[in-house]
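Only one structure is covered here, and it is reproduced in the block below.
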Amino acid sequence: MSTDPCLILVLNSGSSSLKFAVHDTGMRTPLISGLAERLGTDGPRITFKDVQGKRTESLPASDHAAALDAVLAELTTRNWIDALAAVGHRVVHGGERFTSSALVTPAVLADIEAVSPLAPLHNPAALLGLRTALARLPNIPHVTVFDTAFHQSMAPEAYLYAVPTELYRQQGVRRYGFHGTSHRFVARETVAMLGLEPGNHGLVIAHLGNGASATAVQDGHSMDTTMGMTPLEGLVMGTRSGDIDVGAVLHLMRTGDRSAADIDTLLNKQSGLLGVSGLTNDCRELESAAEAGHPGARLALDVFVHRLVRHIGGLAMALRRLDAIVFTGGIGENSARVRAMTVARLRLLGLELDPAANAAMVGGAGGVISSNAEGPRAVVVPTNEEWMIACDTAELARRATETGSLWNFEPELVQA
Ligand code: ADP
């Protein structure tokens, strides 16, 4: 490690958790990472993970400040605290205000607050984490990286719902898209891996994790994506339904005595792979169950793949050319079965699976899994959102330091 500050702390604050990673500039694997969980409840704890292994400790208090203090104490013990150059914060919703990552200033804080009604569960938690970190580390640059920013390149015909446009103008009802940091990173990686032209390529990227979305990327820009105003729209996910006829939702509300909160829980927490299988939201467990003949597990995987293929086909039509279908996320990077089922349904695009390559692409390996000489290829590209956040943070911090545009935060602005 050089003596210049070169470490980037990446923070991802949820309502009851704080994920963190520390990256040395230029290194994709974090020096240390971990998760503080059960914040706001009994038994808060923090897990640290590095090359040596994992260690879990209980936290003395149940809030984000206690979690961050534990992270900073760990960095102090390792003599890394003075090497911290900047902090990068993941923020879910940037609305239309943020089209790229931003150096944190009081105006940026106010703008994040202003778009928070669009993500009432996520943005307040991010703001809490951000304010806590600003209070603890006021003398280094902080940067926010938004899940929505990459999709701000979508054209109105892709982002508007066909509802009266005053709903868009007055209440921000439109499609924003999420997972943007992952899609942006994976798009760059794919262009490099396949030797595509940065200014002339077309990709459909399927980020398949617990949350799942697919995006059409042309020449490095998001043209369309499956998630909408919230992360509920689009693909079948672990516990989210993805697309559903709003008429069906209205029917349930009218006839089933369900409140909006009940419907929220139903569609976000009890649906998707879990709801269809009646078993689990975990794809790996579903695969084992399907192999053992569990009909619900088979059905869940079939519905998952059907919806995915349907969206890949639709997204491809947003592109001028199609170079690759890209699989990423926990399922995309590891499930040879889901990839094989998907590619088998994409013959119309000229795709042929290479079964040996497909079987080999697990556990962080990336590469081509199709065998057709012509036409688009199918590839696996592992995502690394933390690293992308660290890169943006390092770059914006460098520019801010060079131009002397660092902001000194007044204590009252950063009260957590
Ligand atoms: P998150 O969206 O929470 O970040 P991940 O990207 O980690 O989720 O993906 C989690 C999903 O990946 C789970 O459904 C899990 O079962 C699946 N997964 C992980 N490893 C495998 C595997 N070897 N085979 C099939 N599915 C896997």
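Values in this document were obtained by computation on a predicted structure and should not be read as measured data.
Figure legend: cation-pi geometry between R174 and Y176, with NZ or CZ positioned under 6.0 Å from the six-membered ring centre and within 45° of its axis.
Summarising the geometry of T342 relative to V338, their closest heavy-atom pair is OG1-O, 2.7 Å, with the distance given to 0.1 Å. The minimum heavy-atom distance between G177 and T225, with the atom names listed, is CA-CG2, 3.6 Å. Residues S182 and T383 come closest through the heavy atom pair OG-OG1, 2.8 Å. Here the closest non-hydrogen pair linking S241 and R307 is O-NH1, 3.3 Å. When all heavy atoms of N334 and G330 are compared, the closest pair comes out as ND2-O, 2.8 Å. Nearest approach of L194 to V379, heavy atoms of both residues: CD2-CG1, 3.9 Å.
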Take D69 and R136, measure what salt bridge (charged side-chain N to carboxylate O under 4.0 Å, His left out) needs, and give me the verdict at the end. CA-CA 8 Å; D69 284 343; R136 295 294 192 278; 2.6 Å; yes

Before you tell me yes or no, could you show the steps for V104 and L109 under side-chain contact (heavy atoms from CB on, under 4.5 Å), namely the whole-Å CA-CA distance, both residues' side-chain angles and the distance that decides it to 0.1 Å? CA-CA 7 Å; V104 177; L109 280 180; 4.1 Å; yes

Show your working on side chain to side chain donor-acceptor pair (under 3.5 Å) between H311 and T226 and close with a plain yes or no. CA-CA 7 Å; H311 273 287; T226 56; 5.5 Å; no

Starting from the C-alpha separation in whole Å, work towards a yes-or-no answer on side-chain contact (heavy atoms from CB on, under 4.5 Å) for D245 and V249. CA-CA 7 Å; D245 183 351; V249 177; over 6 Å; no

Under the side chain to side chain donor-acceptor pair (under 3.5 Å) criterion, do S259 and D262 qualify, and how do the steps go? CA-CA 5 Å; S259 66; D262 294 338; 3.2 Å; yes

The test is side-chain contact (heavy atoms from CB on, under 4.5 Å); show your working for L308 and L208 and say whether it passes. CA-CA 9 Å; L308 173 59; L208 311 175; 3.8 Å; yes

Begin with the C-alpha distance, continue with both residues' side-chain angles, and end with the deciding distance and a verdict on side-chain contact (heavy atoms from CB on, under 4.5 Å) for L252 and I263. CA-CA 8 Å; L252 289 175; I263 297 283; 4.0 Å; yes

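At least one side-chain heavy atom of V10 sits under 4.5 Å from a side-chain heavy atom of E386. Put simply, the side chain of M223 does not reach to within 4.5 Å of the side chain of V217, judged on heavy atoms. Looking at heavy atoms from C-beta onward, N210 lies out of side-chain contact with T239 at the 4.5 angstrom threshold. Within the 4.5 Å cutoff, no side-chain heavy atoms of F304 are placed close to those of L286. Residues T328 and I205 have side chains in contact (heavy-atom distance under 4.5 Å, counting atoms from C-beta outward). Within the 4.5 Å cutoff, no side-chain heavy atoms of S370 are placed close to those of L353. Side-chain contact between R320 and Q218: present, with at least one pair of heavy atoms (C-beta onward) separated by less than 4.5 Å. Counting only heavy atoms from C-beta outward, the side chains of H93 and I112 never approach each other to under 4.5 Å.
At distances below 3.5 Å, not a single donor-acceptor pair connects side-chain atoms of E74 with backbone N or O atoms of A70. A distance-only check finds no donor-acceptor pair linking the side chain of H306 to the backbone of R310 [under 3.5 Å]. Within the 3.5 Å criterion, the main-chain N or O of G350 finds a donor-acceptor partner in the side chain of N372. Of the possible polar contacts, none joining the H142 side chain to the T105 backbone as a donor-acceptor pair under 3.5 Å is found. A donor-acceptor pair is defined here as one N or O able to donate and one able to accept, closer than 3.5 Å; such a pair exists between the side chain of S271 and the backbone of L266. Here the side chain of R298 pairs a donor or acceptor atom with the backbone of A290 at under 3.5 angstrom. Judged purely by atom type and a 3.5 angstrom limit, R240 has no side-chain atom pairing as donor or acceptor with the backbone of K269. Side-chain atoms of S13 never come within 3.5 Å of backbone atoms of A126 as a donor-acceptor pair (strictly under, hydrogens ignored). Checking side-chain atoms of D24 against main-chain N and O of M27 turns up no donor-acceptor pair under 3.5 Å. The backbone N or O of A297 lies less than 3.5 Å from a partner atom in the side chain of H294, making a donor-acceptor pair.
Interatomic distance, I312 CD1 to R345 CZ, rounded to the nearest 0.5 Å: 10.5 Å. Atom CZ of residue R377 and atom CD of residue E352 lie 15.5 Å apart, to the nearest 0.5 angstrom. Note that CD of E37 is 7.5 Å distant from OG1 of T56, once rounded to the nearest 0.5 Å. Rounded to the nearest 0.5 angstrom, I32 CD1 and L75 CG are separated by 7.0 Å. Taken to the nearest 0.5 Å, the CG atom of D282 stands 11.0 Å off from the CG atom of L274. In this structure, OG in S33 is found 11.5 Å from CG in L9, a value given to the nearest 0.5 Å.
Comment: R90 engages D147 in a salt bridge, judged by a side-chain N to carboxylate O separation of less than 4.0 angstrom. Comment: R184 engages D392 in a salt bridge, judged by a side-chain N to carboxylate O separation of less than 4.0 angstrom. Using a cut-off of 4.0 Å between Lys/Arg side-chain N and Asp/Glu carboxylate O, E57 and R45 are scored as not salt-bridged. Between D50 and R78, at least one side-chain N (NZ, or NE/NH1/NH2) sits under 4.0 Å from a carboxylate O, which counts as a salt bridge. A salt bridge links E113 with R131: the distance from a Lys NZ or Arg NE/NH1/NH2 to an Asp or Glu carboxylate oxygen falls below 4.0 Å. With salt bridges taken as basic N to acidic carboxylate O contacts below 4.0 Å, one links E291 and R337. Salt bridge status for E287 with R284: absent, with no side-chain N to carboxylate O gap under 4.0 Å.
Judged purely by distance below 3.5 Å, without hydrogens or angles, the side chains of R339 and S335 never pair a donor atom with an acceptor atom.
Just one residue in the list L319, T215, V326 forms a side chain to side chain contact (heavy atoms under 4.5 Å, CB included) with V204, and that residue is L319.
The six-membered or imidazole ring of Y159 lies near that of Y168, with a centre-to-centre distance under 6.0 Å. Proximity of the aromatic rings of F48 and F20 is defined here by a centroid distance below 6.0 angstrom, and this criterion is met.
Between H151 and H183, the ring-plane angle classifies as perpendicular under the 30° and 60° cut-offs.
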